[in-house]
Amino acid sequence: MKRLIETRVVNPLLEKYGLPAYKTTGSAGVDLVACIEEAIVIAGGENKLIGSGLAVNIQDPGLVAVVASRSGLCLNSQVRVGQGMGVIDSDYHGEIGVILHNDGVNDYIVQPGERIAQLLFMPVVQVDFKIVERFSTVTDRGAGGFGHTGRH
């Protein structure tokens, strides 16, 4: 089931590069492109904020847009979404910016119109926190973490 999301083009270059679209019926996300006029160099170990030219009006607090890395870009060029993933809250109406990080040692050159990240829409559950002295359930794992379940 598809939902209609109001979208604004905040950089006219996006019309040249094309609006995001699902490439296949099984695609979970759409590609965001570098909506830039000229190439941008990201040195090894460096972050750069790249505009997507796109703003969305999600309107539904039960949805969030998530900016995720493109696997091919990360595998082939060691370039990924810098903070792991970006969160676009339902009430944010500004341009979607992508923080790209170069994990490699060589410069990476972002080309105008290049596919730089994916945008996914996911459900959100908001919770209330209740302070307790101990949890109401007990698990085998307990507080063990950071590889705890993989130990033999």
Visitor: By side-chain hydrogen bond (donor to acceptor under 3.5 Å, both in side chains), which residues pair with Tyr108, not counting sequence neighbours?
Guide: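 By the side-chain hydrogen bond (donor to acceptor under 3.5 Å, both in side chains) rule, Tyr108 matches Glu114.
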Visitor: Can you list the steps and then say if Leu19 with Val9 is a side chain to side chain contact (heavy atoms under 4.5 Å, CB included)?
Guide: CA-CA 9 Å; Leu19 290 175; Val9 173; 3.9 Å; yes
Visitor: Minimum heavy-atom separation for Pro112 and Tyr17, please, with both atom names.
Guide: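 Taking every non-hydrogen atom into account, CB-OH, 3.1 Å.
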Visitor: Please round to the nearest 0.5 Å and tell me the distance separating atom OG of Ser52 and atom CD1 of Ile116.
Guide: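 With rounding to 0.5 Å, OG (Ser52) is 7.0 Å from CD1 (Ile116).
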Visitor: Using atom types as modelled, flag every donor-acceptor pair under 3.5 Å from a side chain in residues 122-137 to any protein atom, sequence neighbours excluded.
Guide:
none

Visitor: Is there a side-chain contact between Thr7 and Leu54, using heavy atoms and a 4.5 Å cut-off?
Guide: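 Answer yes - side chains close enough.
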Visitor: Just to verify, what does Ser90 make a side-chain hydrogen bond (donor to acceptor under 3.5 Å, both in side chains) with, not counting sequence neighbours?
Guide: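 Per chain and number, Ser90 pairs via side-chain hydrogen bond (donor to acceptor under 3.5 Å, both in side chains) with no residue.
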Visitor: What residues form a side-chain contact (heavy atoms from CB on, under 4.5 Å) with Ala65, not counting sequence neighbours?
Guide: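 So Ala65 forms a side-chain contact (heavy atoms from CB on, under 4.5 Å) with Ile58, Ile88, Leu119, Phe121.
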Visitor: Could you list the residues that satisfy side-chain contact (heavy atoms from CB on, under 4.5 Å) with Glu38, not counting sequence neighbours?
Guide: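 Glu38 satisfies side-chain contact (heavy atoms from CB on, under 4.5 Å) with no residue once adjacent residues are dropped.
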Visitor: Would you list the pairs meeting salt bridge (Lys or Arg N to Asp or Glu O under 4.0 Å) in which at least one residue belongs to residues 75-99, sequence neighbours left out?
Guide: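 As it turns out, the salt bridge (Lys or Arg N to Asp or Glu O under 4.0 Å) pairs with a partner in residues 75-99, which skip direct neighbours, are Arg80-Asp103.
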Visitor: Please table the atom pairs, donor to acceptor, closer than 3.5 Å between any side-chain atom in residues 40-51 and protein atoms at least two apart or in another chain.
Guide:
unit_1 : atom_1 : unit_2 : atom_2 : d
Glu46  : OE1    : Ala43  : N      : 2.9
Asn47  : OD1    : His101 : ND1    : 2.7
Lys48  : NZ     : Val41  : O      : 2.8

Visitor: For the residue pair Val10 and Ala55, what are the closest heavy atoms and their distance?
Guide: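 Closest approach of Val10 to Ala55, heavy atoms only: CG1-CB, 3.8 Å.
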Visitor: Does atom CD1 of Ile99 have more than 12 heavy-atom neighbours from other groups under 6.0 Å away?
Guide: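 It does not: Ile99 CD1 has 12 such atoms or fewer within range.
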Visitor: Just jot down the side-chain contact (heavy atoms from CB on, under 4.5 Å) partners of Asp31, sequence neighbours excluded, or say none.
Guide: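 side-chain contact (heavy atoms from CB on, under 4.5 Å) check on Asp31 returns Lys23, Arg70, Arg115, Gln118.
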Visitor: Should Leu100 and Val30 be counted in the same cluster of Ile, Leu, Val, Met, Phe, Trp and Tyr side chains packed under 4.5 Å apart?
Guide: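 Yes, it is one cluster - the side chains of Leu100 and Val30 are joined through contacts under 4.5 Å.
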Visitor: Under 4.5 Å between side-chain heavy atoms, counting indirect links through other Ile/Leu/Val/Met/Phe/Trp/Tyr residues: same cluster for Ile96 and Tyr22 or not?
Guide: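 Linked, Ile96 and Tyr22 end up in one cluster.
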Visitor: Return the minimal non-hydrogen interatomic distance between Pro20 and Leu32, and the atom names on each side.
Guide: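 For Pro20 versus Leu32, the nearest heavy atoms are CG-CD2, 4.5 Å.
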Visitor: What are the two closest heavy atoms between Cys35 and Gly53, and how far apart are they?
Guide: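 Reported closest heavy-atom pair: CB-N, 3.6 Å.
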Visitor: Check side-chain contact (heavy atoms from CB on, under 4.5 Å) between Val81 and all other residues, then give those that pass, not counting sequence neighbours.
Guide: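 So Val81 forms a side-chain contact (heavy atoms from CB on, under 4.5 Å) with Val67, Ser69, Gln83, Val98, Ala117.
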Visitor: Any salt bridge (Lys or Arg N to Asp or Glu O under 4.0 Å) involving residues 54-64? Give me the pairs, sequence neighbours left out, ordered by first then second residue.
Guide: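 As it turns out, the salt bridge (Lys or Arg N to Asp or Glu O under 4.0 Å) pairs with a partner in residues 54-64, which skip direct neighbours, are Arg3-Asp60.
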Visitor: Identify whether Val56 and Leu120 are in the same connected component of the hydrophobic contact network (ILVMFWY, side-chain heavy atoms under 4.5 Å).
Guide: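 Different hydrophobic clusters.
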Visitor: Does Ser71 have any side-chain hydrogen bond (donor to acceptor under 3.5 Å, both in side chains) partners at least two apart in sequence or in another chain, and if so, which?
Guide: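 With sequence neighbours excluded, Ser71 shows a side-chain hydrogen bond (donor to acceptor under 3.5 Å, both in side chains) to no residue whatsoever.
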